Asker: 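This is the structure I have questions about; it appears just below.
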Amino acid sequence: MNDDFSYGSSLSIRSMASAEAHEVEPPLLLSTDPKAGLFKAVGRLQAGSGNSLSTGTLIAGSASPNPNSPALILTTLHSALASDYKQWPKGAVLNKPIDGNFIPGYFKDTQPSHKPYQLDRIVYGDPNSDTAIVSLKATYGDLKRLGIEPMQLGSTKMHPGMHVEMAHVPQEGIPESERFMRYSTGVTGTAITRRKDDALFPNVGTMNLSGARRGSSGAAVIAGGKVVGVLFDGEEHLVHGVNTYFSPIDHLFPVLNVPPAVPNSREVFIAPNTGAFKYTLRQGPDAGWDIYVRKDGDVIKVDKPLWRNQGQGRENRPLAPPPPIAGYRYQGEGANSDISTLIYVPEAV
């Protein structure tokens, strides 16, 4: 994060820079190392109009995401916003187009095969936890063809004394020719509420972790081989036995458990408290209305205003066809009060 970003230095990690003289650099993680397979999904994230470099991780809500769906990257919100925001957001950041790229598998010994994938948008950013999900202009299938598969999400019920690990791409204090993926381990402490500048972060995980510094922001915290948090802040020295802070990711589960829908709409919003995707569905240049896509077990339900089916509005319009949802087939429609609910079931059913 740039110095003019009023959210502060945070885990840009400027506050840890003076500690670097007393700290051994975390070791490079090479593609031939035993841990390399787990961390292929980790890469360097460059976002915004400046040269803000951080860490991101390819994730998905299931072990086998739809290969045609846009690939999703987990990182911090301050990394995704980079220098494009001068004030820390007061509310959720939704559907914000961003510039930049993500290079997965950022091992030093595979430089000739590094491939940057263009960022598309911040699908959902939560300023209360400094977490973000960013979509790429590439699909899960595009990355799988290069052997890059998403990391899986795990339980965030952390407790003190848990051993965690992390692959990250630190920048500050590292020679430019050596700024590639590195490996760190640590032990968790007690969860706290942390204040940073004007922002208050509840339920923050704490760690005593080696080697984090500017550029490590956005790295996935791993326990038991699964993602349990996102590194977002740090201290110059140990404070009550910890020097780094991470946000749990359980609040992101509803976002990831709802599959992409309505592929012809770019106006996607997320209501994380309900686990529903909100779309603006368009039928012609002057007709648009909100629909909500939610999961009920294996079934997908799409709620929309009933009056649109009745052809009311500026002019009579034909009934809108049910929007296609990849991997599901339309089963029928039911009405309740002024809401029409479309039912979709998995294609295999």
Side-chain angles (χ1 to χ4, degrees), residues 1-2 5 7 41 43-61 65-104 115-143 148 150 217-218 220 230 232 247 249 251-272 275-282 288 290-293 323 325-326:
M1 182 162 33
N2 292 349
F5 195 168
Y7 174 53
R44 193 194 73 181
L45 184 79
Q46 184 262 312
S49 55
N51 191 31
S52 178
L53 300 175
S54 56
T55 304
T57 304
L58 177 69
I59 60 166
N66 187 327
N68 298 317
S69 295
L72 300 178
I73 305 301
L74 177 66
T75 188
T76 57
L77 181 56
H78 80 253
S79 297
L81 292 174
S83 60
D84 292 343
Y85 266 58
K86 303 303 180 185
Q87 297 290 329
W88 189 240
K90 300 299 184 183
V93 177
L94 305 170
N95 194 42
K96 174 181 170 56
I98 57 173
D99 296 322
N101 63 72
F102 173 71
I103 304 177
K115 179 177 174 61
Y117 292 92
Q118 193 170 1
L119 305 183
D120 184 22
R121 61 194 57 231
I122 300 173
V123 176
Y124 174 64
D126 178 19
N128 296 318
S129 63
D130 197 4
T131 54
I133 294 177
V134 175
S135 63
L136 301 181
K137 293 183 178 179
T139 66
Y140 285 110
D142 293 332
L143 275 76
I148 309 294
S217 290
V230 182
F232 80 97
S247 287
I249 56 170
H251 64 290
L252 299 176
F253 287 178
V255 178
L256 295 167
N257 287 339
V258 180
V262 199
N264 62 333
S265 174
R266 299 295 290 176
E267 299 180 61
V268 55
F269 298 86
I270 295 168
F277 272 48
K278 175 185 173 185
Y279 283 86
T280 300
L281 182 64
R282 300 207 171 274
D290 292 338
I291 64 173
Y292 291 83
V293 183
I325 298 180

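Predicted model, so just to flag it, every value in this text is computed and none were measured. Throughout, numbering of the chain's residues begins at 1 and tracks the sequence.
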Asker: Using the side-chain contact (heavy atoms from CB on, under 4.5 Å) rule, take Leu119 and Asp99 through it: C-alpha gap first, then chi angles, then the decisive distance, then the call.
Answerer: CA-CA 6 Å; Leu119 305 183; Asp99 296 322; over 6 Å; no
Asker: Give the minimum heavy-atom separation between Ala80 and Val134, together with the two atoms involved.
Answerer: CB-CG2, 3.9 Å
Asker: Just to verify, what does Thr55 make a side-chain hydrogen bond (donor to acceptor under 3.5 Å, both in side chains) with, not counting sequence neighbours?
Answerer: none
Asker: Give the intermediate values and the outcome of side-chain contact (heavy atoms from CB on, under 4.5 Å) for residues Val230 and Ile249.
Answerer: CA-CA 7 Å; Val230 182; Ile249 56 170; 3.8 Å; yes
Asker: What residues form a side-chain contact (heavy atoms from CB on, under 4.5 Å) with Ser247, not counting sequence neighbours?
Answerer: Ser129, Thr131, Phe232
Asker: Restricting to side-chain hydrogen bond (donor to acceptor under 3.5 Å, both in side chains), what partner residues turn up for Thr139, sequence neighbours left out?
Answerer: Asp142
Asker: Would you give the length of the straight line joining atom CG of Leu72 to atom OG1 of Thr57, rounded to the nearest 0.5 angstrom?
Answerer: 12.5 Å
Asker: Hey, what do you get for CZ (Phe102) to CD1 (Ile148), rounding to the nearest 0.5 Å?
Answerer: 8.0 Å
Asker: Looking at Gly56 and Ile73, what are the two nearest heavy atoms and their distance?
Answerer: CA-CG2, 3.9 Å
Asker: Going by side-chain contact (heavy atoms from CB on, under 4.5 Å), name the residues that satisfy it together with Pro67, two or more places apart in sequence or in a different chain.
Answerer: none
Asker: So Tyr140 and Asn66, side-chain contact (heavy atoms from CB on, under 4.5 Å) or not? Walk me through it.
Answerer: CA-CA 7 Å; Tyr140 285 110; Asn66 187 327; over 6 Å; no
Asker: Where do Ser54 and Thr75 come nearest, in terms of heavy atoms and distance?
Answerer: OG-OG1, 4.4 Å
Asker: Would you name the heavy atoms of Leu77 and Gly125 that are closest together and state the gap between them?
Answerer: CD1-CA, 3.9 Å
Asker: Could you tell me which residues satisfy side-chain contact (heavy atoms from CB on, under 4.5 Å) with Asn101, sequence neighbours excluded, listed by chain and number?
Answerer: Arg44, Gln46, Ile103, Pro116
